[in-house]
Amino acid sequence: MNGKPVPQVVIVGSGFGGLNAALRLAHYPVRITLIDRTNHHTFQPLLYEVATAGLSPGEIAAPIRWIVRGRRNIEVLLGEVQDFDLARHVVKLPDRELSYDYLIVAAGASHAYFGHDEWEPLAPGLKTIEDALEIRRRVLLAFELAEREAASGGAQVQLNFVIVGGGPTGVELAGTLSEIARRALADEFSSIDPKRTRIILLEGGPRILPTYPEDLSRSAEDQLRGLGVEVHTSAMVTGVEAAAVLMGNTRLPAVVTLWAAGVAASPLGKKLGAPTDRAGRVLVNPDLSIPGHREVFVIGDLAALKDESGQLVPGVAPAAIQQGRATARNIARDLQGTPRKNFHYVNKGSLATIGRAAAIAQFGKIHISGFVAWLSWLFVHLFFLIGFRNRLIVLIQWAWSYFTYERGARLITGDQTLPSWTELQREEHRSDKETISA
Ligand SMILES: Cc1cc2nc3c(=O)[nH]c(=O)nc-3n(C[C@H](O)[C@H](O)[C@H](O)COP(=O)(O)OP(=O)(O)OC[C@H]3O[C@@H](n4cnc5c(N)ncnc54)[C@H](O)[C@@H]3O)c2cc1C
């Protein structure tokens, strides 16, 4: 020992960015405190599989303590960070303060309701395990309530599932919900025909998956239509009600509305006092530190950084992972007295899944669609999933449902009421209802 105090690094958030920063920093002579408001790391790219009853929560999430086990310089704390005092180098939790020499804020982002937070209970988004379970509950319950109604002599209620937002999450939800209605549930009900369910994807912009090249967007739209999804582009949602989605004068009845549009950074970003963009992301320096505070870094979805070509580093898992590791290396450089390096994002390609054997992939100039893209998506996601046990179970589940179309986690848990149900009867009889047709 050289008698120097060991620097304390506090990391807020154990998503892709924070967790990878902690794991890399554990190799250096520092003490690390990793705080998260949940006790688990969620593999968000597979949340839609929980929401659509393909996988169970434990297969896509792992306890943080278990992931970092054996690293004696990492302390894990469960708690919600509320504020910072950068002058005093302090992180504030409801019941205590934590001092730091270095602070890494990796609290992520969520979906934005464009100033209409009142839509949230009517149209849940997908960000956490809890969100996924709520979506699963609503979707499965809609079929059960329709069956009960028809079994007691009523007509089959028209089930419309409306997904707002044609980004990767909206696309994967729409494609998989369509498969559930057309395949997994097709022969299981006596009084209703699940195949009559309409899955409607609404995208405000001119094309779905706008961050992908145009040919891949078009291919994704064709693949979705092939799965039975109705895709509407330039469809700007202006209102969400209990059993309807409004687009100007168009009124679309909806038994379940899901929200997959917009990005809102964690409110913690604003608490740092650094400049932010319109989505609340912190405008960071090229080394991911914030202006005026070399000891404070913001990484992952909460950070806004343009790469060398002036493009915003995308809010995706590989970017957060790379930023976590890069920040750990820069802290190590500080300790060794060598200059920091600016962050450089290495884009290894992008993949979006659409449904069974349907996906798109871009690896540089190579664009792939369909089965091969889907296989690449599958293996990339298996590779990055944490824990050998989870990888094995997910592989088996996927293989099983590929051949049987079964969705094994079809449990309705919690409340058995649907916010839209009573309103839906009234919607059926409205004179000004939808003009969107199949
Ligand atoms: C449904 C969905 C699908 C996605 N699919 C893909 C995909 O296929 N490929 C891809 O590359 N990316 C995908 N992404 C994006 C990817 O998941 C994110 O880019 C990535 O998770 C960002 O990592 P992060 O560490 O910045 O934040 P996150 O992973 O979101 O982690 C943030 C952490 O901070 C914690 N936290 C937040 N606030 C506080 C607080 N106040 N106190 C304590 N803890 C707090 C949270 O609990 C969370 O654990 C998807 C995202 C979603 C939501």
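These numbers come from the heavy atoms of this one structure, side chains and all, not from hydrogens, waters or symmetry mates. Start at 1 and go down the list; that is how both ligands and their atoms are numbered.
Classification of the Tyr402-Phe371 ring pair by plane angle, with boundaries at 30° and 60°, yields tilted. Relative orientation of the Trp119 and His116 rings is parallel, given thresholds of 30° and 60° on the angle between their planes. Ring-plane geometry between Trp377 and Trp398 is classed as tilted, the angle between the planes lying from 30 to 60 degrees on a 0 to 90 degree scale.
Of all heavy-atom pairs spanning Ile11 and Gly18, the tightest one is CG2-CA, 3.7 Å. The two residues Trp421 and Ala146 make their nearest non-hydrogen contact at CH2-N, 3.6 Å. Among all heavy-atom pairs drawn from Tyr212 and Arg207, the shortest one is O-NH1, 2.7 Å.
Heavy-atom contacts of Leu126 reach the following atoms of ligand 1: 1 (C), 53 (C) (cutoff under 4.0 Å). Set against the non-hydrogen atoms of Ala106, the atoms of ligand 1 under 4.0 Å away are 32 (C), 33 (C), 34 (O). Less than 4.0 angstrom separates some heavy atom of Gly13 from each of these atoms of ligand 1: 33 (C), 34 (O), 35 (C). Set against the non-hydrogen atoms of Gly108, the atoms of ligand 1 under 4.0 Å away are 26 (O), 27 (O), 30 (O), 32 (C). Listed by atom number, the atoms of ligand 1 under 4.0 Å from Gly300 heavy atoms are 26 (O). Atoms of ligand 1 found under 4.0 Å from any heavy atom of Glu80 (numbered from 1 in listed order, with element): 41 (N), 42 (N). Of all atoms in ligand 1, listed by their number and element, those nearer than 4.0 Å to a heavy atom of Gly315 are 15 (C), 19 (O). Near Pro318, with a cut-off below 4.0 Å to any heavy atom, the atoms of ligand 1 are 11 (O).
Rounding to the nearest 0.5 Å places OG of Ser289 at 8.5 Å from CG of Asn330.
Ligand 1 lies nowhere less than 4.0 angstrom from a heavy atom belonging to Pro168. The closest approach between Gly79 and ligand 1 falls below 4.0 Å for a heavy atom of the residue.
In this structure, the protein non-hydrogen atom closest to atom 17 (O) of ligand 1 is Gln44 OE1, 3.0 Å. Ranking the protein heavy atoms by distance from atom 25 (O) of ligand 1 puts Gly17 N, 2.8 Å first. Among all protein heavy atoms, the one lying closest to atom 23 (O) of ligand 1 is Ala320 CB, 3.5 Å. Looking only at heavy atoms of the protein, atom 36 (N) of ligand 1 is closest to Arg37 NE, 3.9 Å. The protein atom (non-hydrogen) at minimum distance from atom 49 (O) of ligand 1 is Asp36 OD2, 2.6 Å. Scanning the protein for heavy atoms near atom 4 (C) of ligand 1, the closest one is Pro45 CA, 3.7 Å. Of all protein heavy atoms, the one lying nearest to atom 19 (O) of ligand 1 is Asp301 OD1, 2.8 Å. When only non-hydrogen protein atoms are considered, atom 21 (O) of ligand 1 lies nearest to Phe16 CD1, 3.2 Å.
Proximity annotation for atom 31 (O) of ligand 1: of Gly15, Gly18, Pro267, Gly15 comes nearest, heavy atoms only.
Residue Lys127 has at least one N or O atom closer than 3.5 Å to an N or O atom of ligand 1. Checking only distances, Leu351 never comes within under 3.5 Å of ligand 1, N or O to N or O. Close N/O approach between Val81 and ligand 1 is found [any backbone or side-chain N/O within under 3.5 Å]. Between Ala317 and ligand 1, at least one pair of N/O atoms sits closer than 3.5 Å. The shortest N/O to N/O separation between Ala109 and ligand 1 does not fall below 3.5 Å.
Side-chain contact annotation: Thr128 with Asp131, donor-acceptor N/O pair under 3.5 Å present. Donor-acceptor pairing under 3.5 Å is recorded for the side chains of Ser369 and Ser219.
Counting heavy atoms under 4.0 Å from ligand 1, residue Thr169 touches it through the side chain alone. With a 4.0 Å cut-off on non-hydrogen atoms, His381 touches ligand 1 through its side chain and not its backbone. In Leu268, the part holding a heavy atom less than 4.0 Å from any atom of ligand 1 is the side chain.
For the pairing with Ile64, the side chain to side chain contact (heavy atoms under 4.5 Å, CB included) check across Leu78, Ile74, Leu34, Ile35 returns one residue only, Leu34.
For atom 38 (N) of ligand 1, a protein heavy-atom neighbour is found at a distance under 4.0 Å.
The shortest distance between side-chain heavy atoms of Leu202 and Leu252 falls below 4.5 Å.
The pair Glu230-Arg198 counts as a salt bridge, with a side-chain nitrogen and a carboxylate oxygen less than 4.0 angstrom apart. In summary, Glu49 and Arg407 engage in a salt bridge, as defined by a charged side-chain N under 4.0 Å from a carboxylate O. A salt bridge links Arg137 with Glu134: the distance from a Lys NZ or Arg NE/NH1/NH2 to an Asp or Glu carboxylate oxygen falls below 4.0 Å.
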* To do: In sequence, state the C-alpha distance, the side-chain angles, and the governing distance for Phe143 and Phe161, and then conclude on ring-ring contact (aromatic ring centres under 6.0 Å, His included).
  => CA-CA 11 Å; Phe143 288 105; Phe161 292 141; 5.5 Å; yes
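Other residues, nucleotides and ligands contribute over 12 non-hydrogen atoms within 6.0 Å of the CD atom of Glu308.
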